[in-house]
Each structure stands twice: as structure tokens, then as C-alpha cells.
Enquirer: 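So that we are looking at the same thing, I have put the structure below in C-alpha cells.
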Amino acid sequence: MTQLAKLQADFQAYLLDDVKSSSFIKAMIDDNKVGAKKRLSIYHDAYRLRIIEALATAYPQLKALLGDVLFNKIAREYITAYPSTYRNLRWYGSEMREYLLTTLAQHPVAAEMADFESALSLAFDAEDVPELSLQELSAIPPENWDALSFKFQPAIKFVRTRWNTIPIWQALEVEEMPPKPAQESTYQSWLIWRKNFNSQFRLTTEMEVIALNMAVMGATFGEICANLEVEMDEEQAMATAAQYLAGWLENGLICKVTLIKFAS
Amino acid sequence: MRNNLPALGFGLGLRTEHYNAILDTKPQVDWFEALSENYMIPGGLPLNFLDRIRADYPVVMHGVSLSIGSTEPFDLTYLKDLKKLADRIQPAWISDHLCWTGIHGQNIHDLLPLPYTEETAKHVAERVKIVQDYLGRQILLENVSSYASYVDSNMSEWEFISLICEQADCLLLLDVNNIYVSSYNHQFDAKAFIDGIPQQRVQQIHLAGHQNNGDYIIDTHDAPIIDPVWELYGYAISKIGDVSTMIERDDNIPELDVLVQELQIARDLSANVLRAAA
């Protein structure tokens, strides 16, 4: 290891260690003006302050939910558990859900809210793709619909909640008193996507989740209908699939449609 | 050597808070500096704003995570994405900081100082050459504000900068506020810094405000530029000549108009100094 490499390894170890260790101070010039210990502290403190601020920006309603004191404590511990490997602080904190699942297990809304806010943020930055219009889809003759496959915008993601996390988030977002945490009777699936450059979300049924996941994986409209027929008759299945498709189109989820040619 | 890059005039750092005001009012700003990492993303609103602002103004790219002084190999994904953004934006030039930002694949998200030694200068220069070859253009390195200095250093910061420029044939982004901050923190003569660097390589100047804590200054970019920094800017212009100049504001961000007015001070000061020298 070169002298420079050792210096950098020691400096970084000093910065990452939550406790300001004293051994590295010898590498720094100590003068009467400020003193090496204080000088190094500037970097040590700035590292934490900067990252706590970034986490607060990434998780605004999680912070509102937990309050400043608890949020800052969690953020400080998180920094030690997960040193940043990101070139942009905007992405730092993506393991917050996992972290909260264990550190705040008694408060499950926290992990769910972290998951939700992280998904909103990722959707905001996702790749730009064109949006398929109703006219483009209408131009396809009905007899070909069974063989249609769709390509979706990359921002799409599902967040699953067991608690009333999203109503709590919505209240905090408009600075209203949130409802008390309460467990829902079943898991709820929230679809997240981007429309007009803003992240969007809506509650979806489990049946639609399955249909959309199939469609994202490349299933044709006919295959989606066939899958729905497990739950309902053929006519109902077709109507339900058409209703889902209309919703996806209205939400701007679909970017391309392809006619799949099956080998005969 | 003087390069053949354009002189852009007087610019501002591009900030989210001003996107709409820029597009709606087309302010009298000659160019904008975009923070590279903020736009090295797959897509979405920030990139869309940057594309639209780029259609009306020259833009330069300014990075914070190149980590040119790191002893680790380059993050190739970073370089690839930087180049991809440059291909899209066609910046007048690309800059980053003369510092290191982390090793072991980690990012401290700070501009950490380097020891001023021949060994370090050689190491940095080799890496600058790699980046310049990859990007197919000269890059600008910016002097950072520092709060601590190494026992290992055996030359001045300006001697260190000069060595790197000479070996790598790169350009300089002279941050006049950083010179002031570091000269205050380490008690050196700020004018000696300007006298000591290869002035013909200065392609851009940064100006900013800071926070004076009494015995040391933190480079916060959250306040107007103070008079001693303006004075140092005038001195720099008297030595270097006409240089593309911009104001950085990263916190406590005022309305765009306020920064446009502050930029006028730079325009007037630069014009006065150049007139007096003519």
C-alpha cells in the first residue's frame, strides 16, 4: 500500500467510525489556531450532517412520523450500518426499509413508509419512455387482440402494506393529524408509476397485481384473459382484462404494444 | 498553454429552485453550471428541465464524485454515465474537484483534501490523463476549501496544483472563495496562491459565500459573497484577464433575481479591473 493509500484508508476509517478515534490526528498538522482534533471534527461532523439531511430529504414523511429526535437517531445509526456507496446522495438510504424492519420492528408503519417513499423517489428518476395512446391501440383490429403484448414504463413498482401506512403518509403530506396506526385485514398492493414527470400511486386489487405482473413479463392479452378465467367466466374475464388495460392506458403505464406471432 | 475553449461570460449554478424562473423569464445570465451527478440519472423531470434550459443557454458540467485523487481504480460506470450526459448536454467543458471523496467503493460525499507531495501530484496527474483520454477533452480541476492539512505535505497548494497541471495538461477552475477560506483556515497569503498557479490555464472562476465561525471558515455556499472575496476576485482578474465567472449558491437559496443582481457585481468589477489594466 502506498503512503497515500494508507493515508486515505486511515482518514476514511476515522470518518466512518461514529466515535472520533484519536490515532489519526497525528497525520494532521496541529497548530495554535484551531488544533488538529477540531479540524478533523469538522469533516467528521459534516459527513453525518450531510447524510442526515439527505435522508430527511429522501424520507420527509418518515421523518414527520418518527419526529426529529427519533429520526435523527435512526439516521445516525443507519449511517454507521450502511456507509454510502452512491455517487449521488439522492439514492442513499435505499436499505432503510430493511433497516427499520429490525430496528423499529415494534413500529411496522415506519418500514412500510420508507419502502413507499423510496419507491416514489425511484419512479421520479426512472427512464423516460413514450406513452402509448388510445388511438394507437384502437387502430389494432379486434381479432388480433389476443396476441397483443405490452411494454411498460420502467418506473412501475408495487409496494405492499399491511398497515394503514398510505393514509398516514397522505395526512402527513398535507400536514394534517394522521390516523392512528392500524393493521389492515389483508395486505394491500399499491401501484407506483410516473405520469407527467410526477410519481403517482393507487391501490390495486390482487387480481390486477397478478394481471399487471404477467403483462410486464410479456404475457399477451389472451394469456391474461385466460388466467382470469380461473376466477370467472370467459366473458367476465375478457371484460375485466379490458378494464385493466383501459386503466393502464389512462395511467400512461404502457409505452409500446407488439403483435406476437405464434409459431403454427 | 491557453486552450481554445470559449469565454462564456457570467453564469450561475443551475438549481432546482430556479428551473421555472429561468424558463419563464429568460434571465440575463450568460450560462449555467449543472451539477453532473444530479443529471446522471435514467430520466425524469430534472433531465427534462436541463434539456430545455440547455436549448436556451450554454451549460458546463461540474462534478463532485469523480474522486480524482483517490487511490482506488476509477468507477467505470461513473465515467460512462458522465460521458453519456456530456454527449446529451454538449457542455462547453467538464470540471470536478482536486480532492478525493472515498475509497473501498464508498463515498464520503465530501471534498477531502490531498497531501501536497510530488508522489500525490504524479498520481493525480496520471488519473487526470486517463479521464481526459476517456472523455476526449481537457478537464478543469477546482481547488477545494480545506479545514485540515497533512503533516506529509511538503509544498504549497499552488505548487501542487501547478505540478498536476503541467504533468496532466489540464485546466483550472479557480474557486476564489475557496482560496479565501483555505487561506483563512491555514493562514497563507491568498494573493500568493493566485500568483503561484499557472494563470493561463484558468478557464473558469467560482464565487460563493461562506460561514465564518471565528477561528475557522466553513465553505457553506449559503450567503452572499463578502467584500474580501470580491477584492480577491478583482485581484485574480487583474492577473488572469477575462475569465468565465459564476456564482454558486447551494443553501438558503434566494430568488433568481437576487443572484442575477449579485452576478452584476462580478460583471462590473471584472469590467473595471480590465479597463484599468488596458
Side-chain angles (χ1 to χ4, degrees), chain A residues 1-9 11-13 15-16 24-47 50-51 53-54 82-92 121-129 153-155 194 196-199, chain B residues 35-49 51 63-67 69-72 75 77-78 81-82 100-115 117 119-120 123-124 146-153 184-187 213-216 218 220 251:
Chain A
M1 193 190 270
T2 65
Q3 207 175 333
L4 181 61
K6 183 173 185 317
L7 190 72
Q8 292 184 347
F11 199 164
Q12 182 158 305
L15 291 171
L16 294 181
F24 183 61
I25 287 171
K26 283 183 254 142
M28 293 298 177
I29 291 177
D30 196 25
D31 59 35
N32 297 330
K33 186 175 159 67
V34 185
K37 197 174 167 190
K38 175 70 195 166
R39 288 176 180 279
L40 278 176
S41 287
I42 295 172
Y43 289 103
H44 196 275
D45 297 344
Y47 171 64
R50 192 173 288 120
I51 290 193
E53 195 184 325
Y82 296 91
S84 173
T85 54
Y86 300 95
R87 64 188 181 215
N88 190 335
L89 265 179
R90 186 173 167 66
W91 298 319
Y92 182 67
S121 178
L122 283 177
F124 185 77
D125 281 346
E127 190 188 344
D128 298 315
V129 286
Q153 59 164 265
R194 191 175 71 209
N196 298 331
F197 293 113
N198 282 314
S199 302
Chain B
L35 291 169
S36 310
E37 289 78 4
N38 288 357
Y39 304 96
M40 289 159 67
I41 48 179
L45 191 59
L47 260 179
N48 178 268
F49 269 115
D51 284 340
V64 293
S65 294
L66 179 62
S67 202
S70 164
T71 45
E72 258 193 354
D75 174 354
T77 311
Y78 179 89
D81 290 347
L82 185 69
W100 65 287
T101 61
I103 52 168
H104 305 147
Q106 292 168 356
N107 195 343
I108 302 296
H109 300 284
D110 202 346
L111 309 169
L112 301 170
L114 289 161
T117 65
E119 180 206 1
T120 311
H123 170 73
V124 173
S146 65
Y147 313 107
S149 47
Y150 300 97
V151 171
D152 285 352
S153 289
Y184 188 97
N185 290 343
H186 306 300
Q187 303 177 87
N213 292 352
D215 47 1
Y216 62 92
I218 304 279
T220 45
D251 214 342

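To find a chain, count down the sequence lines: A is the first, B the second, and so on, and within it residues start at 1.
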Enquirer: With side chain to side chain contact (heavy atoms under 4.5 Å, CB included) as the criterion, how do I218(B) and I42(A) come out once you've worked through the C-alpha distance, each side chain's angles and the decisive distance to 0.1 Å?
Expert: CA-CA 9 Å; I218(B) 304 279; I42(A) 295 172; 3.3 Å; yes

Enquirer: So, the side chain of R90(A) versus the backbone of E37(B): is there a donor-acceptor pair under 3.5 Å, distance only?
Expert: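 No.
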
Enquirer: Taking every heavy-atom pair that is under 4.5 Å apart, which of P83(A), A123(A), A126(A), A54(A) has the most such pairs with chain B?
Expert: A126(A)

Enquirer: Looking at every heavy atom in both L4(A) and E119(B), which two are closest together, and how far apart are they?
Expert: N-OE2, 4.1 Å

Enquirer: Taking every heavy-atom pair that is under 4.5 Å apart, which of D128(A), N198(A), V34(A) has the most such pairs with chain B?
Expert: D128(A)

Enquirer: Kindly indicate, with the supporting measurements, whether the criterion side chain to side chain contact (heavy atoms under 4.5 Å, CB included) is fulfilled by L15(A) and D110(B).
Expert: CA-CA 11 Å; L15(A) 291 171; D110(B) 202 346; over 6 Å; no

Enquirer: Is it the side chain or the backbone of Q106(B) that comes within 4.5 Å of chain A heavy atoms, both, or neither?
Expert: both

Enquirer: State whether the number of non-hydrogen atoms from other residues, nucleotides or ligands found under 6.0 Å of E72(B) atom CD is greater than 12.
Expert: yes

Enquirer: Side chain, backbone, both or neither: which part of L35(B) has a heavy atom under 4.5 Å from chain A?
Expert: neither

Enquirer: Heavy atoms only, distances under 4.5 angstrom: which of T117(B), L66(B), L112(B) has the most pairs with chain A? Name it, please.
Expert: L112(B)

Enquirer: For H104(B) and A9(A), work out which heavy atoms get closest and say how close.
Expert: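 Closest heavy-atom pair between H104(B) and A9(A): CE1-CB, 4.5 Å.
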
Enquirer: For the interface with chain A, which of D152(B), L45(B), L114(B) has the highest count of heavy-atom pairs at distances below 4.5 Å?
Expert: L45(B)

Enquirer: State, to 0.1 Å, how close E127(A) and P42(B) come at their nearest heavy-atom pair, and which atoms those are.
Expert: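 Shortest heavy-atom separation between E127(A) and P42(B) comes out as N-CB, 3.5 Å.
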
Enquirer: Can you tell me if K33(A) uses its side chain to pair, donor with acceptor, with the backbone of D215(B) under 3.5 Å?
Expert: yes

Enquirer: Between H186(B), Q187(B), H123(B), who has the most heavy-atom pairs with chain A when the cutoff is under 4.5 Å?
Expert: Q187(B)

Enquirer: Kindly give the heavy-atom pair with the smallest separation between Y43(A) and P113(B), and that separation in Å.
Expert: OH-CD, 3.4 Å

Enquirer: What part of T101(B) gets closer than 4.5 Å to chain A, counting heavy atoms only: side chain, backbone, both or neither?
Expert: neither

Enquirer: Among the options L89(A), N196(A), D30(A), pick out the one with the most heavy-atom pairs lying under 4.5 Å from chain B.
Expert: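 Max contact count across the listed options: L89(A).
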
Enquirer: Apply side chain to side chain contact (heavy atoms under 4.5 Å, CB included) to I103(B) and F11(A), showing your working.
Expert: CA-CA 10 Å; I103(B) 52 168; F11(A) 199 164; over 6 Å; no

Enquirer: Using every non-hydrogen atom in the two residues, find where A148(B) and R39(A) come nearest and quote the distance to one decimal.
Expert: CB-CB, 3.9 Å

Enquirer: What closest approach, in Å, do R87(A) and S65(B) show between heavy atoms, and which atom pair accounts for it?
Expert: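 Shortest heavy-atom contact: O-OG, 2.9 Å.
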
Enquirer: Start with the C-alpha gap between I108(B) and L16(A), add the side-chain angles, then the distance that decides, and say whether side chain to side chain contact (heavy atoms under 4.5 Å, CB included) holds.
Expert: CA-CA 8 Å; I108(B) 302 296; L16(A) 294 181; 3.8 Å; yes

Enquirer: Give a yes or no answer on whether the side chain of Q8(A) reaches the backbone of G69(B) with a donor-acceptor pair at less than 3.5 Å.
Expert: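 At least one qualifying donor-acceptor pair exists.
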
Enquirer: Does any heavy atom of chain A fall under 4.5 Å from the side chain of D81(B), the backbone, both, or neither of them?
Expert: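 Side chain only.
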
Enquirer: Under a 3.5 Å distance rule, please check whether N107(B) uses its side chain to pair with a backbone N or O of T85(A) as donor and acceptor.
Expert: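 Checking the backbone N and O of T85(A) against the side chain of N107(B), no donor-acceptor pair under 3.5 Å is found.
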
Enquirer: When rounded to the nearest 0.5 angstrom, what distance separates NE2 in H109(B) from CD1 in I51(A)?
Expert: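 H109(B) atom NE2 to I51(A) atom CD1 measures 5.0 Å (nearest 0.5 Å).
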
Enquirer: Side chain, backbone, both or neither: which part of Y184(B) has an atom under 4.5 Å from a heavy atom of chain A?
Expert: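 When you check distances to chain A, atoms from both the backbone and side chain of Y184(B) fall under 4.5 Å.
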
Enquirer: For K26(A), is it the side chain, the backbone, both or neither that has a heavy atom under 4.5 Å from a heavy atom of chain B?
Expert: backbone

